[in-house]
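Following: one structure in structure tokens, then a few remarks.
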Amino acid sequence: SPTWGMISRLDIFIDRQPNLVMEEEMNTQTRFMLNETDLPKYWYNIQADSPVPPQPVLNPKTFEPVTPDFLSVLFPMDLILQEVTNERYIEIPEEVREIYKLWRPTPLIRARRLERLLGTPAHIYYKHEGVSPAGSHKPNTAVAQAYYNKIAGTRAMTTETGAGQWGSALAMACNFFGMDLEVYMVKVSYNQKPYRRYLMETFGAQVFASPTDMTTCGRSVLAADADSPGSLGIAISEAVEVAVTSGGAKKYGLGSVLNHVLLHQTVIGEEALKQMDMAGEYPDVVIGCVGGGSNFAGIAYPFLRENLRNGSRTRLVAVEPEATPSLTRGVYTFDFGDSAQMAPVVKMHTLGHDFVPAPIHAGGLRYHGMAPSICALYDAGLIDAIAVPQLATFKAAIDFARTEGIVPAPESAHAIRAAIDEALDAKRREEKRVILFNLSGHGNFDMASYQAYLSGKLEDYAYPEEAIQAALETLPKVNLMV
């Protein structure tokens, strides 16, 4: 056993080497927490630094560049300006920051128990966005959109939702600002995830299973297929139609894809930069799941800024399901943002706006396209993309839940799958690798999906090439004058 003399000499040694003590503390720390005073004051806009010039957003009827008047039917002017600005930083309104403080800054956590399970030399970190009141990253833009609509005089909003994370977030935000909300929820998720619907209703929203018989779009879909499971494209069409035909009483809120949505999410990456510095490390790879692209952009774009402006070399990996492989197998071209051809036409990697995905359990990733800025950066080779199968994704989710104690949303599990594969690759190569992924939400409302996996009822599904080619035959014919 140690003597007091030995302890005294050890104290002297420690006193003379404070850097070693700090390093040891960081090497054993699990959670890296910022204070409220560290909450970002600005959103970051990738358009200021992207070497790829943005493609125009087109009117779905004329295929000409949209005007502010066209967009103003859907969005308040502040959001339209954020959509087109090249300013690097957009100040976050104080009213929005005050609501952010209910859950932000969110924790950065070192997944030490998962590392031990894998036996990897890699260090795995995750940004835990599931601590928000709605359980995901979506309130980062929902609160902002509700705020800008409120100050513009909007009385009610409409939106779509897949798995329910976005609908829950906007329901909460509209309640905070005293506005009504109509949510068109993809029918398969409406049935798979009833507790998400109950949460939206608790916040005061009306929720409808899409396709409905309440809109022209919904009725046309049901006429062709009375048992249609729905899709995000169809739900978007219904929400857009209701807003457009409301005579200005209602505006539309979008949970992903467009630039103003993605820049609101960059609070995630801005906080993560500070927290990685607290951990004394910098990520070799940053990972996020992608459906429309908002949570991936939220964590990745601030790190991409560091790549572009300061010479960092972090790999940025977007992870999508094999069942909806828009980035990895879609065509990079102009397409409608929705099924009924009412939303603006944008250049993106697309599976075709008529795409109806298989009823996989990652409802938030069942979209035919992708954020235009992500598509442009992927096409330029500045970010990477992979597609992963459903069963391997749920296996990763189970491993994460049993080691880290958090049940992840099925969408977030795609990022976990990729992070585990990176860690195992580092193990094979016998190299240290610092991995950061975005845990975009918890899966506490997704237990039916886990029950289906654990009982052996889930299957892998890769979208067939012939179905992709058939959907692409209806792409709009766009001829821009250069």
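Only this structure's heavy atoms are used, side chains among them; waters, hydrogens and symmetry mates stay out.
- Looking only at atom types and distance, the side chain of Asn59 has no donor-acceptor partner in the side chain of Glu64 under 3.5 Å away.
- Listed here is the closest heavy atom pair of Tyr378 and Thr328: OH-CA, 4.3 Å.
- Between the side chains of Gln192 and Ser449, no donor-acceptor pair of N or O atoms lies under 3.5 Å.
- In the displayed structure, Glu87 atom CD is contacted under 6.0 Å by at most 12 heavy atoms of other residues, nucleotides or ligands.
- In this structure, the separation between OH on Tyr147 and CD on Glu94 is 10.0 Å, given to the nearest 0.5 Å.
- Between Phe437 and Tyr126, the ring planes lie parallel to each other; the angle is under 30°, not in the 30° to 60° tilted range.
- Here the closest non-hydrogen pair linking Leu436 and Pro283 is CB-CB, 4.0 Å.
- Relative to the six-membered ring of Phe75, Lys251 misses at least one condition, a distance below 6.0 Å or an angle of at most 45° to the axis.
- Contact record, Gly293 with Leu262: O-CG, 4.2 Å, taken as the closest heavy-atom pair.
- A salt bridge links Arg305 with Glu270: the distance from a Lys NZ or Arg NE/NH1/NH2 to an Asp or Glu carboxylate oxygen falls below 4.0 Å.
- The environment of NZ in Lys274 is crowded: more than 12 heavy-atom neighbours from other residues, nucleotides or ligands sit within 6.0 Å.
- Between Leu475 and Phe334 the shortest heavy-atom distance is CD2-O, 4.1 Å.
- Between Tyr148 and His260, the gap from one ring centroid to the other reaches at least 6.0 Å.
- Counted by atom type alone, Asp49 and Tyr44 present one or more donor-acceptor pairs between their side chains at under 3.5 Å.
- The shortest distance between side-chain heavy atoms of Lys138 and Ser294 falls below 4.5 Å.
- Side-chain contact check for Asn295 and Glu411: no donor-acceptor pair (N or O, by modelled atom type) lies under 3.5 Å.
- A donor-acceptor distance shorter than 3.5 angstrom exists from the side chain of Gln275 to the backbone of Phe32, with no hydrogens or angles considered.
- Side chains of His264 and Gln145: no donor on one and acceptor on the other come within 3.5 Å.
- Nearest approach of Gln165 to Arg196, heavy atoms of both residues: CG-NH2, 3.6 Å.
- Between the side chains of Thr215 and Tyr184, no donor-acceptor pair is found at a separation under 3.5 Å.
- Checking Glu238 against Thr212 by side-chain atom types alone, a donor-acceptor pair falls below 3.5 Å.
- For Gly230 against Val186, the heavy-atom pair with the smallest separation is C-CG1, 3.7 Å.
- Side-chain contact of Glu182 with Thr158: a donor-acceptor pair under 3.5 Å is absent, judged by distance alone.
- Within a 6.0 Å sphere centred on CZ of Arg155, heavy atoms belonging to other residues, nucleotides or ligands number 12 at most.
- Using a distance-only test at 3.5 Å, with no hydrogens or angles considered, a donor-acceptor pair links the side chain of Glu320 to the main chain of Leu327.
- Tyr195 has its ring centre less than 6.0 Å from the ring centre of Tyr198.
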